[in-house]
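Below, chains carry the letters A, B, ... as their sequence lines are ordered, and counting in each starts from 1. Since we're looking at a predicted model, the values are computed, not measured.
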Amino acid sequence: MALEDICNLRNSCLHQNWLPASPATSFLMTDCYNLGLKGPKKSQRNNEVPLQFFIPPLLNSTSFLNRSPSSYFQGNPPVTVRRPFPLSHGTTTLGFVFQGGVIAAADTRASAGGLVACPEVEKINPIHSHLVVTSSGSGADCMLWERILTREIRLYQLRHKRCLSISGTAKLLSFMLHPFKGTDVCVALTLCGWDKELIYVCSDGARLQGNIFSVGSGSPYAYGVLDRELSWSLSNEEAISLAREAVFRATHRDAYSGNNVDLFHITAQGWHQRKRENLKEEYYRDMKKRGLF
Amino acid sequence: MFSVQTFGDTGKMKDYHYTGPVEHRFSPYAFNGGTVLAVAGEDFAIVASDTRLSEGYSIHSRDSPKCYKLTDTTVIGCSGFHGDCLTLTKIIDARLKMYKHSNNKTMTSGAIAAMLSTILYGRRFFPYYVYNIIGGLDEEGKGAVYSFDPVGSYQRDTYKAGGSASAMLQPLLDNQIGFKNMEGVQHVPLTQDKAVQLVKDVFISAAERDVYTGDALRVCIITKEGIDEQTVALRKD
């Protein structure tokens, strides 16, 4: 059916729970063990996500049938399984535009509940030579969606012999995340590109262009520092030290951010990564400078 | 004698607490305990795990190691829910065989790590309750450790502890192998013998303070000559 095809209903595991199918096709459809039984994963349409997800079947079928028809075609019922472990969250990332290009900065702590799961995560990852993405939200979601995005951008580049624009990339990512709206996928990415463009894409569906973005649990503190001194005419060194200062102050006050600061500077020539800096010493240097130590 | 718990603050005996009818949902997960550790050296890698399998207050088995050999240069340690550990290792073995048959070469440690990340994320909405750590040699022969969270986020480390005693062991490893928070200490690279001794000492400490860790320790040492396994006794209480 045409409507089934557009809504991608045929591919979901839900389909053969309540529509009879022949034994041959139903076996191929449930590839819950990720064995690649359906053949190589193709991404023909831009909104077809190139990854198979196992959706747990609903335990109570009567409540399922009573829900509104629109939710049938989502292919993603709300999660019925409670997770017994916490996932990594909590961060400070920021990006801003100025005359010398775009600066992207982030801390490097991944916290899971009250534990620091990893003190040296890379939250800023390059997609290609002129586009960098800062991630915040759930660590696994961000990592995998960045991988998927990199793959799609590379395929686009090979098929169309040109780089996709940043707004195009943001749109692509937003449409790929749309089927997961309402589930607990938590992804908030800021795409920083060479054309002095900064776009914020979030798994709730937001896609915003702006000149300054800060995302994460430490973002209020970073915004305070940035709003005070940010201007278009900053020099490169001033912009870098402003970004570094904003992340440092945020990591000082926010418990879920900390450890190091990563800094990327994106210009028309590409991205350039500054050496990762440990903020532990920075606090003592700052106190000494202000005579408080 | 009555224990202190039966007497409340006022000295009168406490009533049995009845908080009203409680609905018990079926949980598809169980926590079977266990700790896994991996350390990467210059030309070796070590993956170690305890062998206790527990559930609640009971011990199901004292000889259930959590290290599984994947290839000649890679070992994976899985702790958490034992049912998911078994299924996950079966799936990884199947995928390794498929790769070998279609590409005519064994998967490298980095490739196994990337594949495991995708397998785990494919179950984002009903995760495998497993904390994985892969230890092995990379293409250049150097030691590599890849640590995962239950939904597939991973990265390459020098050392990592996972499982029930991970919060106790990780700071100790940070100090002894990463030389963190030590002032004026020379950073000596880790030799294989020193690393094995450190792993044994660290697990003995874990068995002292974590109830789910103990019984025995299985250490797998991966070098270019192959995988060598040693078993060391730990506290059985």
Answer yes or no: does atom [atom1] of [X] have more than 12 heavy-atom neighbours from other residues, nucleotides or ligands under 6.0 Å?
| X | atom1 | answer |
| --- | --- | --- |
| B:K142 | NZ | no |
| B:D201 | CG | yes |
| B:N103 | CG | yes |
| A:R285 | CZ | yes |
| B:F179 | CZ | yes |
| B:E42 | CD | no |

Here the gap from B:D157 atom CG to A:E120 atom CD, rounded to the nearest 0.5 Å, amounts to 8.0 Å
Going from OG on B:S166 to CG on A:L115, what distance comes out if it is rounded to the nearest 0.5 angstrom? 6.0 Å
Shortest non-hydrogen contact from A:A140 to B:S153? CA-CB, 3.3 Å
Minimum heavy-atom distance between B:Y154 and A:R147, given as atom pair plus value: CE2-NH1, 4.1 Å
Classify the ring geometry of B:Y121 against A:W145: parallel below 30°, tilted from 30° to 60°, perpendicular beyond 60°. perpendicular
Quick check for you: among B:A114, B:G162, B:A167, B:G152, which has the greatest number of heavy-atom pairs under 4.5 Å with chain A? B:A114
Would the distance check show the side chain of B:R124 and the main-chain N or O of A:D184 forming a donor-acceptor pair, the cut-off being under 3.5 Å? yes
Below 4.5 Å from any heavy atom of chain A, which atoms of B:K90 appear? Answer side chain, backbone, both or neither. neither
If I measure from the heavy atoms of chain B, does A:V121 come under 4.5 Å with its side chain, its backbone, both, or neither? both
